[in-house]
Amino acid sequence: MLQIYNTLTHQKETFLPLDAHHVGLYVCGPTVYDYAHLGNARVYVIFDILNRLLNYIYPTVTYVRNITDIDDKIIQASLTSGNSISEITERTTQAFQEDMKSLGNVSPTYEPKATEHIPEMIKMIQTLIEKGHAYEAEGHVLFQVTSDPSYGSLSRQGLEDMISGARVEIAPYKKDPRDFILWKPSTGDIPGWQSPWGLGRPGWHIECSAMSSKYLGETFDIHAGGQDLIFPHHENEQAQSTCCSNKPFVRYWMHNGYLIVNGEKMSKSLGNFLTVRDLLKKASGDVLRYGLLSVHYRQPLDWTDAGLLQAQNSLCRLYTAMRHAPKEDAASPDLNKEFLSALADDLNTPLALHILHGLASDINKSSSEKEKAVLAHQLKSSGAFIGLLTEDPDVWFQKSPKNCSEKALEGLHIECQIEARNKARQERDFKEADRIRDHLLEAGIALEDAPSGTLWRRLK
RNA sequence: GGCCGGGUGGCAGAGUGGUUAUGCGGAGGACUGCAAAUCCUUAUACGUCGGUUCGAUUCCGGUCCUGGCCUCCA
């Protein structure tokens with residue numbers, strides 16, 4: 001039984017899908033104008049876990065994650081860099097998909113692009129105008145907030161409160177300062193599409209409404225994203241969609257907490273903007289993934305170098321246990337029950353990781369080879385379920401952390417040196433044995449004399 | 001001003017009305033030629049003030065501190 005915290009009701013609820021055979025999940029995807037940062041990564045890793053879990057529980061899951069490839073930030077990036085818009089969006093989209101893969105995320109069922117759904121958006125805007133929820137003004141089309149009595153229900157903002165915030169954009173063509181843009185005119189080199197209101201482009205929110213209804217229907221199960229999207233993005237999506245269809249929009253809203261860096265909000269101006277790309281030079285994708293999952297998704301996550309090291313070491317402990325257990329070629333996965341119930345309890349990944357550590361500990365304590373193999377298989381299966389522990393332990397310990405060439409490694413002739421050292425040990429020439437070990441250690445290779453033989457690993 | 005969070009041991013971070021989270025790190029021990037890995041033992045804890053209770057870190061209220069949203073943002 002899956003429990004999830006619904007932003008709409010502010011409480012944990014039992015998840016009951018509209019159709020028990022087919023669950024719909026929509027996650028707000030990236031605006032492709034720059035490399036994905038760690039905050040983005042957190043969203044996609046967390047909801048990748050949700051997608052995996054839903055797929056485990058239900059026969060079919062449609063997971064939609066859009067790509068926003070028309071947006072003023074992209075236009076701005078094009079103007080400042082001199083690169084064409086398509087150049088920027090194509091390169092960034094590709095980089096994004098590579099990053100997602102490095103982090104161990106499963107691809108969504110659909111990754112629709114905004115620019116390929118302009119007709120759907122136009123149609124939706126027309127419907128909103130017909131129904132009296134939107135109006136045209138000076139080439140713009142605006143959503144009339146006062147026409148939706150439930151506006152503000154998601155973010156729990158009363159209309160009056162929004163005015164006191166007094167930071168809404170004042171534009172002469174707005175009937176009410178809180179009204180938001182569905183369509184805006186494009187001039188000059190700015191990309192535009194023909195519409196009943198002239199050449200123009202969509203506002204920010206309409207794409208998600210249009211694409212979610214196309215792929216998941218007018219009412220669907222789960223819509224997720226970062227906490228900062230609750231207002232205005234998701235509030236506005238909900239207003240557009242419900243006013244357009246006269247049906248409920250989303251049944252469960254899920255929002256993850258912020259990622260902060262060394263106690264400060266991540267921003268370009270502070271210079272603490274961490275891209276996935278840069279972090280992958282310091283640590284492998286599974287270490288980043290472990291780090292992102294080590295905090296509950298609704299809590300803020302403070303990313304530090306110490307935390308990264310801790311993730312590295314924790315993962316190392318799990319792999320060490322697996323390495324010391326006999327390998328067993330079991331065909332079917334064996335998921336730990338407590339592990340699954342931790343995940344099913346509103347994605348309690350820190351607790352799930354604790355259970356993996358418990359399994360590792362049991363492996364280390366067990367004196368039965370058979371039991372070790374069974375536990376290790378369960379550890380591997382459970383880890384793989386959340387996209388961790390997918391590698392062979394020897395490979396994991398011995399691979400280069402920075403994906404650099406293996407030439408330096410080959411020059412060391414590690415296996416030969418281990419053999420030479422073991423020969424010296426047999427002859428009780430410990431001075432020579434230690435010399436070899438120290439020599440390897442200096443090169444970043446640590447040795448471990450296990451009962452089964454000498455193992456080596458790279459120091460991370 | 002409005003709306004939402006959070007305050008747990010050296011650090012990170014779960015959880016629970018009464019019993020060890022876990023990981024990293026520290027101390028001692030076992031094992032080892034010595035290490036490493038592992039195991040055992042151990043220290044350090046629930047912001048603050050009240051209330052409910054036989055008993056609260058856990059429930060309720062006040063208070064202090066702190067983060068976020070209300071404008072583009074995952």
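Chain naming here is simple, since letters A, B, ... match the order of the sequence lines and numbering starts at 1 in each.
Within the 4.0 angstrom heavy-atom criterion, only backbone atoms of the sugar-phosphate kind lie near A:Arg457; the bases stay farther away. Contacts of A:Leu259 with the nucleic acid, taken as non-hydrogen atoms under 4.0 Å apart, include base atoms.
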If pairs are Watson-Crick or G-U with both distances under 3.5 Å, what is the dot-bracket string of RNA chain B, marking crossing pairs with [ ] and pairs to another strand with |? (((((((..(((.....[...))).(((((.......)))))....(((((..]....))))))))))))....
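Of the N and O atoms on the side chains of A:His234 and A:His255, at least one donor lies less than 3.5 Å from an acceptor on the other residue. Checked by atom type, the side-chain pair A:Ser209/A:Ser241 shows a donor-acceptor distance below 3.5 Å. When only modelled atom types and interatomic distance are considered, A:Glu338 and A:His354 share no side-chain donor-acceptor pair under 3.5 Å. Inspection of the A:Asp148 and A:Ser150 side chains reveals an N or O donor paired with an N or O acceptor under 3.5 Å.
Comparing B:C40, B:A36, B:U22 by their closest approach to the side chain of A:Lys365 singles out B:C40. Checked against B:U22, B:A35, B:A74, the side chain of A:Asp449 finds its nearest nucleotide in B:A35. Relative to the side chain of A:Arg425, the nucleotides B:C34, B:G23, B:A37 differ in distance, and B:C34 lies closest. Residue A:Arg156 places its side chain closer to B:C4 than to any other of B:A74, B:G33, B:C4.
Here A:Glu98 pairs with A:Arg277 in a salt bridge; the nearest charged N to carboxylate O distance falls below 4.0 Å. Contact check on A:Lys423 versus A:Asp429 returns no salt bridge, with no Lys/Arg side-chain nitrogen under 4.0 Å from an Asp/Glu carboxylate oxygen.
Proximity of A:Arg317 to the phosphate of B:G23: a side-chain N or O atom is located under 4.0 Å from OP1 or OP2. For B:C39, one of the phosphate oxygens OP1 or OP2 lies less than 4.0 angstrom from a side-chain nitrogen or oxygen of A:Asn364.
At least one side-chain heavy atom of A:Leu274 sits under 4.5 Å from a side-chain heavy atom of A:Val261.
The shortest heavy-atom contact between A:Lys399 and A:Arg458 is O-CD, 2.8 Å.
The nearest heavy atom of RNA chain B to A:Asn256 and to A:Leu447 marks one nucleotide each, and the one closer to the 5' end goes with A:Leu447.
Interface remark: the A:Arg437 side chain does form a donor-acceptor pair with the B:A35 base, using a distance-only criterion of under 3.5 Å.
Outside the 6.0 Å centre-distance limit, the rings of A:Phe15 and A:Tyr5 are not counted as a close aromatic pair.
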Sequence-aligned protein contact record of nucleotides 5-14 of chain B, with B where the base is within under 4.0 Å of a protein heavy atom and S where only the sugar-phosphate is: SS----BBSS
